[in-house]
Amino acid sequence: MARITEECVARIKDTADVVDIIGSYLQLRRAGNSWKACCPFHNEKTPSFHVNPARQSFKCFGCGVGGDAIKFMMMFENIDYPTALRRVAERNGIAIIEEEENPEVLRMRRLRSAVIGANQLAADYFHRLLCRSKDADHVRAYLKAREFNIDIAKNWQLGWAPHDMRGFIDLAAQNRMDRKLLTEAYLLQNNSRGSYAVFRDRLMFPIHNIRGEVVGFSGRIMAEGQDPRKYVNTGDTVAFHKGSLLFGLFKATPHIARAGMTVVVCEGQLDVIACHEKADIRNAVAGLGTAFTDEHAKILHKYAQKAILCYDGDNAGIKASEKTFRKLAAAGMEVYMASLPPGEDPDSLIRSKGPEPLQEAIQNARPYLEVRCSWEKQNNSADANARAALIPRMAELAAEITDPIRRDVAVADLAVRLNAGLDDLRATVTDFIHQRKNAPQASSQPEYAEESDEFEAEFDDFPSEARPVPLAKVTPLRLHPTIRNLISYAAQNREAQQALVDRIEELQEPIGILPGGIVLQRLLEVLPEPGNAESWQQFLAKLPPEQAAALSKMDNTAIDMPSADAFMQQACAYAARDALSARIDAIKSRILSPDLSAAEVAELFRESNELQRLLDGSARE
């Protein structure tokens, strides 16, 4: 008889959000950090049925029933366990993997249990060496320099993997664990010369699943130059899948609820431990390395509604935060960001200034897009190309927010910060949402660039220094319809080009205000020959990537345009009118800013009314 594999069952349970599932059957009402309803399993008028997202469980204090999401579905629908599992899998888009109940299935189940047993034995062994071995003096000195004391090491069962693992191999043999099992657990690996230890002279962090089982390890080098990989994680085993595990989550779940369903997401293990132990921020977690996955986001969303990114205050931290924001926002979470001083991470900030600045940074965390927009403006304000690309870049990030109300609030705030028209920014965001919905599914094999950035290399699981990393995504610059038309005319007709050059002064306001105006300006500076494919490609090659991407589908085939000068005069008049509308829209967005005084608001209203009179006059002409 076919049965769902143990690994598939574990994945289904990990994605079974108790609030989401029970909320699809009952009308839940928030009660602090939990939810409540009238119990469906006995008659009652006062709700005593509680759903706890932190524990992923339900409990009725009237009739006493309780359990997890799977059990609720079984009881409510009167179905068996396998059927409930299949329905949850269908809800969450998980493919069911079945296997026949045979000796091989039983062997794999026992193997998983044995691998976890080997990991626990290794964790105990590594921890004992860290605490007692003279050979681990340099590791203890490293931890002491970073102000991690023996109590912290015990709380997290930190350890040291020695240069020579023969002592552990002998200990494993005494516990009836052979080399083959240690290889299955990724503690040993094989090459042409025999078996070798995966972790050698590394500070060891045991990795626990949500049930607290040691399923693998992350090891940090202790000597510079001993290995290009600063961190090495356990490879995929029957118990360990890096993309579905979050460091510290098994300790953080009860504290996430106490923090108002908020989780703090850090970059690395030491930052998480520092938050928990040095700053009493016990709702902190981290991915294993830099690859924050969709599955990580879905798992976090089971326990939290809001995430605060607490990443390094440098360029690499900003890059990494964007990847994490996209995953968390797409999963339906509110994403905030704590602003750390440049060059500081949570651990270094605590060591240099104590826990209070970190606690304040997290307490004062602002919505991610607000922080990101401010950072972009501070770092790219002097570059005209960067300024032109900022609005579509922020719009593309806003399009990741799945909740329409939360997204519209974010867009309105961005419009004020970017001095952009709210309607135009909304249209840009909507365009990105439609593009994403209509885009073909991405290949499971990513394209790669040749170089790795500094942050990616720190958590490299590849043995080669030339690790491939995904190519940066290019966000096409949005072109206002009027600007797109002018570019199209100029790309296909020489007389149209000349007519626009003759009117360059009156085009300055549309070029400066309307999205994509900078591309029109570049075209009128270069004047690529209409109908000449080589000339057009040379023009595109000189543009920044986001501008070139905006013109990727534009045709520059030469066309006839009778009365080109008169036609372009009319087109320029339309551009001037659209620029006026955009200025009015931008002013209306600025009026919504809470930082303005009454006098400033009055002045903006006066300016808006004056521009509206000009616009009405141009429409009558």
Side-chain angles (χ1 to χ4, degrees), residues 123-124 126-162 199 201-208 217-224 226 230-233 246-252 255 259 263-290 308-314 316-317 320 338-365 454-455 458-459:
D124 293 339
F126 294 147
H127 180 64
R128 190 162 56 251
L129 289 182
L130 175 65
C131 294
R132 301 178 185 176
S133 173
K134 183 172 178 57
D135 293 334
D137 283 346
H138 63 304
V139 189
R140 290 191 292 270
Y142 169 80
L143 291 174
K144 183 177 180 181
R146 298 196 62 158
E147 300 178 6
F148 289 93
N149 59 32
I150 189 64
D151 290 332
I152 293 176
K154 288 180 178 179
N155 287 344
W156 293 82
Q157 205 177 9
L158 302 183
W160 173 63
F199 304 101
D201 190 24
R202 287 182 179 268
L203 172 62
M204 300 298 287
F205 301 87
I207 308 300
H208 300 78
F217 296 91
S218 184
R220 187 195 190 281
I221 58 170
M222 284 289 97
E224 295 299 327
Q226 75 180 54
K230 188 172 183 178
Y231 283 83
V232 167
N233 294 314
L246 287 150
F247 183 77
L249 182 60
F250 84 106
K251 284 180 174 286
H255 302 282
V263 62
V264 174
V265 182
C266 301
E267 289 183 82
Q269 293 96 319
L270 288 172
D271 286 335
V272 170
I273 296 173
C275 284
H276 278 251
E277 303 293 340
K278 298 180 183 180
D280 198 29
I281 302 168
R282 299 186 181 276
N283 55 329
V285 303
L288 301 178
T290 59
I308 299 175
L309 306 186
C310 195
Y311 281 19
D312 293 4
D314 55 18
S339 297
L340 303 189
E344 297 279 15
D345 57 41
D347 181 41
S348 68
L349 184 59
I350 293 171
R351 281 186 282 124
S352 62
K353 298 182 179 178
E356 291 80 10
L358 179 62
Q359 293 166 343
E360 290 175 5
I362 291 174
Q363 183 178 356
N364 298 327
E454 177 185 357
F455 183 74
E458 182 170 319
F459 289 92

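Computed over heavy atoms, backbone and side chain alike; hydrogens, waters and symmetry mates excluded. This one's a predicted model, so the numbers in the text were calculated from it and none came from an experiment.
- Between L349 and P341, some side-chain heavy-atom pair lies under the 4.5 Å cut-off.
- Residues forming a side chain to side chain contact (heavy atoms under 4.5 Å, CB included) with K154 (at least two apart in sequence, or on another chain): H127, I150.
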Practice item. Start with the C-alpha gap between M222 and R220, add the side-chain angles, then the distance that decides, and say whether side chain to side chain contact (heavy atoms under 4.5 Å, CB included) holds. Key: CA-CA 6 Å; M222 284 289 97; R220 187 195 190 281; 4.0 Å; yes

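- Note that CG of D345 is 9.5 Å distant from CG of L358, once rounded to the nearest 0.5 Å.
- Shortest non-hydrogen contact noted between A153 and L130 is CB-CD2, 4.3 Å.
- Within the 4.5 Å cutoff, no side-chain heavy atoms of K251 are placed close to those of V285.
- Here the side chains of V232 and R202 are in contact, with some heavy-atom distance below 4.5 Å.
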Exercise for review: Could you please spell out the steps behind the side chain to side chain contact (heavy atoms under 4.5 Å, CB included) verdict for W160 and S133?
Suggested key: CA-CA 9 Å; W160 173 63; S133 173; 4.1 Å; yes

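- Between Y231 and S218, the shortest heavy-atom contact is CD2-OG, 3.7 Å.
- Using a 4.5 Å cut-off on side-chain heavy atoms (C-beta onward), L158 and I273 make contact.
- When all heavy atoms of N155 and E277 are compared, the closest pair comes out as ND2-OE1, 3.4 Å.
- I350 and A274 get closest at one heavy-atom pair: CD1-O, 3.7 Å.
- Within the 4.5 Å cutoff, the side chain of L203 has heavy atoms near those of the L143 side chain.
- You'll find the side chain of D201 reaches within 4.5 Å of the side chain of H138, heavy atoms only.
- Between Y311 and D271 there is no side-chain heavy-atom pair separated by less than 4.5 Å.
- A donor-acceptor contact shorter than 3.5 Å links the side chain of S352 to the backbone of S348.
- Scanning both residues, G219 and F199, for their nearest heavy atoms gives N-CE2, 4.1 Å.
- The salt bridge (Lys or Arg N to Asp or Glu O under 4.0 Å) contacts involving residues 348-359 comprise D347-R351, where partners must be two or more places apart or lie in separate chains.
- The shortest side-chain heavy-atom distance between N283 and I281 falls under the 4.5 Å cut-off.
- Taken to the nearest 0.5 Å, the NE2 atom of H208 stands 8.5 Å off from the CZ atom of F247.
- For A361 against S339, the heavy-atom pair with the smallest separation is CB-O, 3.9 Å.
- Residues passing the side-chain hydrogen bond (donor to acceptor under 3.5 Å, both in side chains) test with D137, sequence neighbours excluded: R140.
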Exercise for review: Applying side chain to side chain contact (heavy atoms under 4.5 Å, CB included), run through D135 and L129 and close with a yes or a no.
Suggested key: CA-CA 8 Å; D135 293 334; L129 289 182; over 6 Å; no

Practice item. Just do the side chain to side chain contact (heavy atoms under 4.5 Å, CB included) check on L246 and V265 with the steps written out, would you? Key: CA-CA 10 Å; L246 287 150; V265 182; over 6 Å; no

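- Every residue meeting the ring pair (Phe, Tyr, Trp, His ring centres under 6.0 Å) condition with H276, not counting sequence neighbours, appears here in chain and number order: W156.
- Remark: F126 pairs with F217 by the ring pair (Phe, Tyr, Trp, His ring centres under 6.0 Å) rule, at least two apart or across chains.
- Between the side chain of Q269 and the backbone N or O of A286 there is no donor-acceptor pair closer than 3.5 Å.
- For N149, there are no side-chain hydrogen bond (donor to acceptor under 3.5 Å, both in side chains) partners two or more places apart in sequence or in a different chain.
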